[in-house]
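Heads up, the thing below is written out as structure tokens.
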Amino acid sequence: MKKYAPFVILVSAFVLRFATVGNLMTFTPDEVYQAYLARTIISDFHIIWIGISAGSFGMFLGPFWIYVLTPLLYLSKGDPIVMGYLGAFLGVLTTYVLFWLGKTMFNWRVGVIASIFYSFSALIVYYDQKGYPSGVSLLSVLMLASLYLTKRSAYWWIAFAFVYGFIFHVHLSLALLALVAMYIAYLRRQQLNFKIIFLSFSALVIMLSPLIVFDYFHKASNVLAPLKLISTLSEKGRQSQIPYHLQSTFDSFGRVLFLPAYKNNADEILYACTKSQSSTFSKPPFLIALFGSVLFFVFCFSKNSWKQENKRLILLSSLVVIVPYVMSQFINPYEYYLLGFFPLYFLMLAVLIEKLKLKFRFIAYLALSIFVCINVFTVTTARNDFGLAAKKKLITKTMQVVGQDSFELTGMGDCHKYEGWRYLFSVYGTSPQRSSEDNDFAWLYKDEVSSQPVKYSVVVSETRQSLVLNSKYKLIAQEGGFSAYILEY
């Protein structure tokens, strides 16, 4: 049984993600931005030096993730479902690496328990199926693993440098793990000879090279962007965001353990839906969030967590993710900034459970079994009103009316207003002459935008959102949570 447990967990992680990704994958502006960038390379191969913007303060990620997506989108003829499959694959891979790391740092039971939490958490499954940000949890675990393994070989510093450099192409929420690396480097300073330092630095420079080139030709605009942001934080009258981030963090401790069934997964993981009255976004039961928070603080304030290097490494790595999030004044209170924290949190829970006395451990195992059953039920009963499959069906129905005639396209709604409709119509139907998406992305397809008269005006809206349209618009299709209307000029 012991031999097959990791295999069963991995198969479960695979099935839970891949069997539902087609219906549940969300496609929002972040994914649209990546898809359009990849499409520019496919249609006219060229080198890009930056990827998508990191926030709204003029800083950009590197392009390597776009290079990963480009061949996949080419093979799928632009179908963004490959982004969901890639995210799901990385989720399964994270499950395995987390098991291996727990077993390596502690023992087999810790690895199994931590991987069970990651494999079955409904919130984690939903994020693993999202095209962006993919791989944050995996990068977090890989950096923790490489830092831990530097005690066995100094060459693991090179691996850490590669992985750390890659976060600048994926998501910046893990950037402050450099502080933990500096601390570990100080502890292991005797192993840091010139060769290790040179190779590690070279690895980091290679990973950052596109951004270095970009900044060289753009007067260090990317490097200076955070400094400009910091200067705005000193403005008087600026409201503190800390209470909102604290509430979000508290809620996340509950949501990563429990989400209710029969809810729209898209409502659960899109920031706009956390503020929408029409959304089915779920706040966690207070007692579950409190229990999850208490377990985190129990680990934090345990003497052994600071005395034992393996536990201290997990704790420090967690704190450099969660504390900046809580204190931040310039990002939204949105739990996806904690994606790099969650696998570390699961390691903490696994360590706490493994250290329980046998009779209490049995109760914990029973609770873990209930956790698995509830979360599997949640994922398998999740509504896919705003998933990619529903969008594809709506586009097919709309194109049956539009045919080969020209049209303009407008997306409307509440928290599902920006759903990448133009890109999806270009893949599953035909491209509109112009669209409401053009304001943000037309610079990536400017030759495809036309001001010429069109035969139809098509509006795709979130059905549950009240809509005021010209009475001449006719409802032509409904699918999932979306409705399509058409006006013939």
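Values below: every heavy atom of this structure, side chains too, minus hydrogens, waters and symmetry copies.
Counting heavy atoms from C-beta on, the side chains of F117 and L368 come closer than 4.5 Å. Between L347 and L144 the shortest side-chain heavy-atom distance falls below 4.5 Å. Side-chain atoms of L338 and L344, non-hydrogen and from C-beta on, never get closer than 4.5 Å to each other. Inter-residue side-chain proximity for D267 and D385 is flagged as unmet; no heavy-atom pair is nearer than 4.5 Å. Between F250 and L246 there is no side-chain heavy-atom pair separated by less than 4.5 Å. The shortest side-chain heavy-atom distance between Y337 and I331 falls under the 4.5 Å cut-off. Residues S115 and F346 are not in side-chain contact: their nearest non-hydrogen atoms beyond the backbone lie 4.5 Å or more apart. With contacts defined as side-chain heavy-atom distances shorter than 4.5 Å, the pair P29/D440 does not qualify.
Counting heavy-atom neighbours within 6.0 Å of Y271 OH, excluding the residue itself, gives a total above 12. Heavy-atom neighbours of F371 CZ from other residues, nucleotides or ligands within 6.0 Å: above the threshold of 12. Around OH of Y67, the count of heavy atoms belonging to other residues, nucleotides or ligands within 6.0 Å exceeds 12.
Remark: side-chain polar atoms of S153 are not paired, donor with acceptor, to backbone N or O of T150 under 3.5 angstrom. Between the side chain of S436 and the backbone N or O of G411, at least one donor-acceptor pair lies under 3.5 Å. Judged purely by atom type and a 3.5 angstrom limit, N222 has no side-chain atom pairing as donor or acceptor with the backbone of D215. No donor-acceptor distance shorter than 3.5 angstrom exists from the side chain of S431 to the backbone of S426, with no hydrogens or angles considered. Between the side chain of Q329 and the main chain of Q241, a donor-acceptor pair closer than 3.5 Å is present. Under the 3.5 Å distance criterion, the side-chain polar atoms of N193 are matched with a main-chain donor or acceptor of I196.
Atom OG of S252 sits about 10.5 Å away from atom NE2 of H245, to the nearest 0.5 Å. For the atom pair CD1 (I206) and CD1 (I212), the distance works out to 10.5 Å, reported to the nearest 0.5 Å. Atom-to-atom distance recorded for E437:CD and Y423:OH is 10.5 Å, nearest 0.5 angstrom. Taking OH of Y183 as the reference point, atom CG of L316 lies at 6.5 Å (rounded to 0.5 Å). I116 contributes atom CD1, which lies 4.0 Å from atom CD1 of I9 (distance to the nearest 0.5 angstrom). Atom-to-atom distance recorded for N265:CG and T378:OG1 is 11.5 Å, nearest 0.5 angstrom.
Scanning for ring pair (Phe, Tyr, Trp, His ring centres under 6.0 Å) contacts around Y345 gives F253, F341, with sequence neighbours left out. When the ring pair (Phe, Tyr, Trp, His ring centres under 6.0 Å) test is applied to F14, the partners found at least two apart in sequence or on another chain are F18. Residues passing the ring pair (Phe, Tyr, Trp, His ring centres under 6.0 Å) test with Y445 are Y36, sequence neighbours excluded. Residues passing the ring pair (Phe, Tyr, Trp, His ring centres under 6.0 Å) test with F386 are H416, F482, sequence neighbours excluded.
Considering every non-hydrogen atom in both P133 and V136, the closest pair reads CB-CG2, 3.7 Å. Across every non-hydrogen atom of V379 and L24, the tightest pair is O-CD1, 4.1 Å. Across all their heavy atoms, C273 and A266 have their closest contact at SG-O, 4.3 Å.
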Could you give the side-chain donor-acceptor pairs of residues 77-86 under 3.5 Å, partners two or more places apart or in another chain?
residue: D79; atom: OD1; partner: I81; partner atom: N; Å: 3.1
residue: D79; atom: OD1; partner: Y428; partner atom: OH; Å: 2.5

Got a list of side-chain donor-acceptor pairs under 3.5 Å for residues 157-180, not counting sequence neighbours?
residue: W157; atom: NE1; partner: Q191; partner atom: OE1; Å: 2.9
residue: Y164; atom: OH; partner: A175; partner atom: O; Å: 2.6
residue: H169; atom: ND1; partner: F64; partner atom: N; Å: 3.0
residue: H169; atom: NE2; partner: M207; partner atom: O; Å: 2.5
residue: H171; atom: ND1; partner: S173; partner atom: N; Å: 3.3
residue: H171; atom: ND1; partner: S173; partner atom: OG; Å: 2.9
residue: H171; atom: NE2; partner: Y336; partner atom: OH; Å: 3.4

Side-chain donor/acceptor pairs under 3.5 Å, residues 319-327, sequence neighbours excluded:
residue: Y325; atom: OH; partner: S248; partner atom: OG; Å: 2.6
residue: Y325; atom: OH; partner: Y334; partner atom: N; Å: 2.9

Output a table of donor-acceptor pairs, distance under 3.5 Å, between side-chain atoms of residues 87-106 and any protein atom two or more places apart or on a different chain; print 'none' if there are none.
residue: T94; atom: OG1; partner: L90; partner atom: O; Å: 2.7
residue: T95; atom: OG1; partner: G91; partner atom: O; Å: 2.9
residue: T104; atom: OG1; partner: W100; partner atom: O; Å: 2.7

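Evaluation of the salt bridge (Lys or Arg N to Asp or Glu O under 4.0 Å) test over residues 12-40, restricted to residues two or more places apart or in two chains, returns R17-D128, E31-K130. Within the structure, every pair that satisfies the side chain to side chain donor-acceptor pair (under 3.5 Å) test and touches residues 293-311, not counting sequence neighbours, is listed here: R188-E309. Annotation: salt bridge (Lys or Arg N to Asp or Glu O under 4.0 Å) contacts involving residues 321-337, sequence neighbours excluded, comprise R255-E335. Residues in residues 86-99 take part in no salt bridge (Lys or Arg N to Asp or Glu O under 4.0 Å) pair, two or more places apart or across chains.
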Taking it one step at a time, do Y127 and S137 satisfy side chain to side chain contact (heavy atoms under 4.5 Å, CB included)? CA-CA 10 Å; Y127 275 114; S137 295; over 6 Å; no
After noting the C-alpha distance and the side-chain angles of L257 and L349, does the key distance pass the side chain to side chain contact (heavy atoms under 4.5 Å, CB included) rule? CA-CA 11 Å; L257 297 176; L349 296 183; 4.2 Å; yes
Residues D251, Q247; criterion side chain to side chain donor-acceptor pair (under 3.5 Å); working and verdict: CA-CA 6 Å; D251 290 344; Q247 182 65 55; 2.9 Å; yes
With side chain to side chain donor-acceptor pair (under 3.5 Å) as the test, would you mind laying out the steps for D438 and S435 before giving the verdict? CA-CA 6 Å; D438 298 344; S435 74; 2.9 Å; yes
One pair to check against side chain to side chain contact (heavy atoms under 4.5 Å, CB included): E419 and L424. What are the steps and the verdict? CA-CA 9 Å; E419 293 286 318; L424 294 176; 5.9 Å; no
May I have the step-by-step check of side chain to side chain donor-acceptor pair (under 3.5 Å) for E268 and S282, ending in yes or no? CA-CA 7 Å; E268 297 287 12; S282 56; 2.7 Å; yes
Mind running side chain to side chain contact (heavy atoms under 4.5 Å, CB included) on D414 and S279 for me, showing each step along the way? CA-CA 9 Å; D414 185 12; S279 167; over 6 Å; no
Kindly indicate, with the supporting measurements, whether the criterion side chain to side chain donor-acceptor pair (under 3.5 Å) is fulfilled by N375 and S121. CA-CA 6 Å; N375 280 268; S121 169; 4.6 Å; no
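Between Q129 and T20, the side chains place a donor N or O and an acceptor N or O closer than 3.5 Å (distance only, hydrogens not considered).
A cation-pi arrangement is absent between R422 and F425, since the terminal nitrogen or guanidinium carbon is not both under 6.0 Å from the aromatic centre and inside a 45° cone about the axis.
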